[in-house]
Amino acid sequence: MLDRQLFRTELERIIAGAARKHIDAPIDEVVRLDSERRALLLDLEAKKAEMNKVSKMIGQLMGQGKKDEAEAAKAQTKELKDYISAGEQKEREIDAALLAAELVIPNIPHDSCPDGVDENDNVEIRQWSAQPSFDFELKPHWELCESLGLVDFARGTKVAGSGFIAYTGWGARLQRALINFMIDHQTLKNGYKEVYPPFLVNRASMIGTGNFPKFEEDVYRADDDLWMIPTAEVPVTNLYRDEILNSDDLTLKLAAFTACFRKEAGSAGKDTRGLLRVHEFDKVEMVKFTKPEDSYDELESLTADAESVLQLLGLHYRVVNVCAGDMGFKGAKQYDIEVWAPGVGRYLEISSCSNFETFQARRANIRFRKAAGEKPEYVHILNGSGLACPRLFASLLEVYQQADGSVLIPEPLRPYVGTDRFVP
RNA sequence: GGAAAGGUGGCAGAGUGGUCUAAUGCGGCGGUCUUGAAAACCGUUGUCCAGAAAUGGACCAAGGGUUCGAAUCCCUUCCUUUCCUCCA
């Protein structure tokens, strides 16, 4: 959500921002409802002030025993009361319509975010290491999963449907190892505080992070008002909903492991094989609450923290500055990290690190106070994956596969996995 | 799933229809005193909206309602605690 003041003072920026994102947003409606609301309030509050005065006077007259005068004053209030009651009804209608419109206005992309329509316009800003070369025929990860018995695709599908994965044997072990390795790294080395949040959240939380109302269709519903999280970003960010944070605690850095549930509707037919696009996956997520002036530095270090996992595991990747059109609704700036998967011959999006500035903080009402006595201000909120497990799993297998069909386990992961090699 | 009690400022906690502009205590901030600190004393201390400002309006879990007037009465929802039931 954007500052309502911005619609009065910097309307052009909002219009330009939505245009850069290629999102059609009801900006005119916000402007119209906002001015309608203010005109109404001006009038209504004057009437309320009058009403309060009369009511107070009636109270005093009653206290003095002047019953008749009190009754006379009462008779005069009928018209005022009806007027106020109608005005309040109108105010409720405008407020609801205004909020509904505001909730679907996209965040304004940062100046450093490139123009563009889709992922083809993203700008690569760096690579790490080089693509590995092989002197034998590479297999895609799903073949390695089958031959090494790491995943039982058929039975996973049987129990839950396509896009649900049953990891088996060393595959299950590797999955747990990745989670522990990453969460240990982010908490013990990079200074994030570990959180283990609920995997189901209520509607208010979904609105707080910006998933609702616009993207309700993408999320699994568990009950009337309980939703399965699409990312740990939702419960972790909302931990501090409606709170004023202590300035000394900023930047507050949290890391969480959760499963993530996504319908992935509309991507039918894409990446249907293997682990690249599934309905349930594990992920370690980092969330930062920062002072406004720190948020762009914190975005750089957040991205570096996510990258460091890939560096430790020796996986080639690139970082792209996501263009306005590909960034989506909530972000002001976003870096994607794409890991190289030689078996499928593609870079896989494995992390997305974003600065939302005050967009989420305003929705979730998360603020901080610069100093005692100062007015509370909205924090800046950032998050990034560190990292998503299935694509990391896939890349690892494809990069570390050997000519004999075995897969080597990179050194830092061995204590977690308990072996140095998967053998067919 | 059943029953009961309850939700008031940063915290504790009074308030059951009219100076509630919410008592009091703790905590925070400022001051007096002190070489400094503690203690004591004095003052101060919420958020949001509209307005250039003066000021006005709203907020006692949330949303409706009754009333000239609601923290207080009524309805709905949410949450918490305790007990029972069930359960890893």
Side-chain angles (χ1 to χ4, degrees), chain A residues 1-9 30-103 196-208 212 221-227 235 238-250 252 259 358 361-379:
Chain A
M1 200 149 64
L2 298 173
D3 185 354
R4 202 172 279 176
Q5 296 288 343
L6 267 190
F7 288 85
R8 300 171 204 166
T9 57
V30 173
V31 172
R32 179 176 62 79
L33 288 167
D34 177 49
S35 87
E36 234 179 88
R37 176 175 171 278
R38 282 188 292 159
L40 178 68
L41 276 187
L42 211 60
D43 178 45
L44 192 56
E45 286 181 2
K47 294 287 193 294
K48 281 187 185 178
E50 201 179 329
M51 187 70 158
N52 286 344
K53 226 175 267 174
V54 174
S55 292
K56 193 164 262 183
M57 193 184 77
I58 291 175
Q60 286 169 355
L61 290 173
M62 299 285 258
Q64 295 161 10
K66 298 177 181 168
K67 282 264 161 52
D68 292 347
E69 286 177 51
E71 287 303 323
K74 268 194 203 182
Q76 289 171 3
T77 59
K78 166 111 178 71
E79 205 173 317
L80 261 182
K81 197 190 171 189
D82 290 346
Y83 190 94
I84 289 170
S85 164
E88 284 182 330
Q89 179 60 37
K90 181 75 181 158
E91 188 190 348
R92 275 197 290 273
E93 287 167 18
I94 292 177
D95 279 344
L98 182 54
L99 181 64
E102 280 179 314
L103 285 177
Y196 193 97
F199 289 14
L200 271 65
V201 297
N202 55 30
R203 173 173 291 272
S205 294
M206 285 297 215
I207 290 174
F212 283 9
R221 182 171 201 161
D223 201 348
D224 287 345
D225 194 38
L226 276 181
W227 307 81
N238 279 282
L239 288 175
Y240 295 97
R241 175 150 47 83
D242 294 320
E243 292 194 30
I244 297 174
L245 301 177
N246 189 337
S247 175
D248 297 338
D249 294 338
L250 301 179
L252 181 59
T358 60
R362 208 176 289 281
R363 287 175 165 248
N365 190 29
I366 302 173
R367 294 173 294 174
F368 78 106
R369 232 185 274 275
K370 278 220 170 78
E374 295 270 314
K375 276 185 100 54
E377 280 179 57
Y378 289 108
V379 296

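Below, chain A is the first sequence line, B the second, and so on; all start at residue 1.
- Taking a 4.0 Å limit (strictly below) on heavy-atom distances, residues 82-91 of chain A does not reach RNA chain B anywhere.
- Taking atom P on both nucleotides, B/A70 is separated from B/C60 by 11 Å, rounded to a whole Å.
- Counting to the nearest Å, the P atom of B/U76 and the CG atom of A/Asp225 are 20 Å from each other.
- The gap from the C1' atom of B/A12 to that of B/G31 amounts to 27 Å, rounded to the nearest Å.
- Under 4.0 angstrom from either OP1 or OP2 of B/U47 there lies no side-chain N or O belonging to A/Asn365.
- Across all strands shown, B/C83 forms a Watson-Crick or G-U wobble pair, both distances under 3.5 Å, with B/G2.
- A donor atom on one side chain and an acceptor atom on the other are not found under 3.5 Å apart for A/Asp225 and A/Asn202.
- Contact between A/Met1 and A/Arg363 at its shortest, heavy atoms only, is N-NE, 3.4 Å.
- Across all strands shown, A/Arg367 has heavy atoms under 4.0 Å from sugar-phosphate atoms exclusively, and none from any base.
- Distance check, rounded to the nearest 0.5 Å: CZ of A/Phe368 to CG of A/Asp249 gives 12.0 Å.
- If you check B/A50, B/G56, B/U47 against the side chain of A/Glu45, the one that comes closest is B/G56.
- A heavy-atom distance below 4.0 Å to RNA chain B is reached by these residues of residues 32-43 of chain A, ordered by number: A/Arg37, A/Arg38, A/Leu41, A/Leu42.
- Rounded to the nearest Å, the gap between the C1' atom of B/G25 and that of B/U34 is 27 Å.
- In this structure A/Tyr240 satisfies the ring pair (Phe, Tyr, Trp, His ring centres under 6.0 Å) test together with A/Phe289, sequence neighbours excluded.
- A/Leu99 places its CG atom 17 Å from the P atom of B/C48, with the value rounded to the nearest Å.
- Of the C1' atoms belonging to B/C48 and B/U66, the separation is 27 Å, rounded to the nearest Å.
- Atom name C1', nucleotides B/G63 and B/C86: the rounded distance is 33 Å, in whole Å.
- Listed here is the closest heavy atom pair of A/Gly87 and A/Leu40: O-CD2, 3.8 Å.
- Within the shown strands, B/A40 is the pairing partner of B/U32 under the Watson-Crick or G-U definition, both distances less than 3.5 Å.
- Look at the C1' atom in both B/G1 and B/U85: the space between them is 7 Å, to the nearest Å.
- Under the rule for a side-chain hydrogen bond (donor to acceptor under 3.5 Å, both in side chains), the partners of A/Glu102 that lie at least two apart in sequence or sit in another chain are A/Arg4.
- With a cut-off of 3.5 Å on both Watson-Crick or G-U wobble distances, the partner of B/A22 is given as none.
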Listed pairs, N/O of protein and of nucleotides 68-71 of chain B, under 3.5 Å:
| from | atom 1 | to | atom 2 | distance (Å) |
| --- | --- | --- | --- | --- |
| B/C68 | O4' | A/Thr77 | OG1 | 3.3 |
| B/C68 | O2' | A/Ser55 | OG | 2.9 |
| B/C68 | N4 | A/Lys74 | NZ | 3.4 |
| B/G69 | O4' | A/Ser55 | OG | 3.4 |

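- Remark: side-chain polar atoms of A/Arg367 are not paired, donor with acceptor, to backbone N or O of A/Glu377 under 3.5 angstrom.
- Rounded to a whole angstrom, the distance from the P atom of B/C78 to that of B/C29 is 41 Å.
- Across all strands shown, A/Arg362 has no heavy atoms under 4.0 Å from either base or sugar-phosphate atoms.
- Contact annotation: A/Asn52 side-chain N/O to B/G56 OP1/OP2 distance is not under 4.0 Å.
- Summarising the base pairing, B/U76 is matched to B/A62 through a Watson-Crick or G-U wobble pair whose two defining distances lie under 3.5 Å.
- Between A/Arg8 and the phosphate of B/A50, there is a side-chain N or O to OP1/OP2 separation shorter than 4.0 Å.
- Here the separation of B/G15 from B/U72, taken at their C1' atoms, is 8 Å to the nearest Å.
- What separates CG of A/Asn202 from P of B/U77 is a distance of 18 Å, to the nearest Å.
- Note: CD (A/Glu50) to P (B/A58) measures 14 Å, nearest angstrom.
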Check nucleotides 60-64 of chain B against the protein and report each pair of N or O atoms closer than 3.5 Å, with its distance, or say if there are none.
| from | atom 1 | to | atom 2 | distance (Å) |
| --- | --- | --- | --- | --- |
| B/G64 | OP1 | A/Arg92 | NE | 3.3 |
| B/G64 | OP1 | A/Arg92 | NH1 | 3.4 |

